Amino acid sequence: MPRIIEWLDTVDSTMRVAAERASAGAPAGSVVAAEEQTEGRGRLGRSWQSPRGTGLYFTQILRPALAREQIPVLTLAIGLAAADAIKLFTGVACDIRWPNDLLAGDRKLCGILAQWQAGAVLAGVGVNVNQSEFTEELRPLATSLRMVTGACFDRRLLLKAIAACIDAHVRILETSGASAIVALFTSASSYVEGRRVAVDLPGGLLRGVTAGLTPDGFLKLRREDGTLRTITAGGVRPDVGQ
Ligand code: BTN
């Protein structure tokens with residue numbers, strides 16, 4: 001069955017439109033994309049700058065045969081899928097910062113927002129594709145495929161490549177289980193083991209060295225006093241403060 005791809009002009013957020021489509025019964029694999037978003041949403045309540053015509057902004061509706069407790073691993077699978085598709089389509093090899101930030105040379109190239117809503121999982125993907133500059137705030141943190149390679153890319157084709165890879169990784173999770181995704185993620189991400197990081201948590205900053213993933217995809221952190229903490233959410237970044 002061909003995938004339903006709705007390519008809209010201006011929306012507040014493809015997450016909101018996709019939630020409406022999911023509630024109305026849109027089949028698994030359906031995609032809502034937009035030329036620009038006026039209220040693009042990021043993880044941890046942040047916003048996602050979504051200027052017209054340069055980035056790729058879409059939300060894919062997933063209806064995986066998974067228990068709810070496997071959703072954290074699903075968010076890792078979506079990041080892996082986006083990294084694989086970007087490598088195949090553009091040649092750019094990304095690192096993945098847990099849980100699913102795609103980085104090129106330490107700058108963010110792609111962000112993923114996975115939400116369980118309207119009886120489906122909504123996989124929101126934002127890729128910096130053809131931007132040649134960013135706002136002052138983002139300049140030190142972000143990069144684009146164009147900035148990395150010097151080339152412009154067709155966003156609609158890239159969308160199809162990422163969507164197909166997301167479906168494939170959902171199948172891997174359904175058929176081979178969380179351990180397969182945890183193993184793939186561990187080999188794809190330099191952040192899983194031995195990285196000194198700081199984690200922004202609601203209660204404050206937590207520092208330590210990463211020590212692998214739990215079987216359900218959470219990040220283990222070894223603290224200075226030797227104790228292990230499991231990070232289930234939060235913003236992870238290299239700790240340059242020590
Ligand atoms: C992050 O904070 O890294 C996640 C960013 C996710 C952005 C994408 S763009 C398409 C979709 N619609 C949104 O409003 N957000 C996601």
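Keep in mind that this is a model prediction, so the values were computed, not measured. Order of appearance sets the numbers: ligands from 1, and atoms from 1 within every ligand.
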Note every protein N or O atom lying under 3.5 Å from an N or O atom of ligand 1, pairing the names and giving the distance.
unit_1   : atom_1 : unit_2 : atom_2 : d
ligand 1 : 2 (O)  : R43    : N      : 2.6
ligand 1 : 3 (O)  : K108   : NZ     : 2.6
ligand 1 : 12 (N) : T14    : OG1    : 3.0
ligand 1 : 12 (N) : Q37    : OE1    : 2.9
ligand 1 : 14 (O) : S13    : OG     : 2.7
ligand 1 : 14 (O) : Q37    : OE1    : 3.3
ligand 1 : 14 (O) : R41    : N      : 2.6
ligand 1 : 15 (N) : R41    : O      : 2.7

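The closest side-chain heavy-atom distance from L219 to T230 is not below 4.5 Å.
Residues passing the side-chain hydrogen bond (donor to acceptor under 3.5 Å, both in side chains) test with S132: none are found, sequence neighbours excluded. Listed by chain and residue number, T214 satisfy the side-chain hydrogen bond (donor to acceptor under 3.5 Å, both in side chains) test with D216 (two or more places apart in sequence, or in another chain).
Pairs of residues two or more places apart, or lying in two chains, that qualify as side-chain hydrogen bond (donor to acceptor under 3.5 Å, both in side chains) and include a residue from residues 94-110 are D95-S190, R97-D101, D101-K108.
Cation-pi contact between R41 and W48: absent, since separation from the ring centre below 6.0 Å together with deviation from the ring axis within 45° is not met.
Distance alone, capped at 3.5 Å, places no donor-acceptor pair between the Q60 side chain and the F58 backbone.
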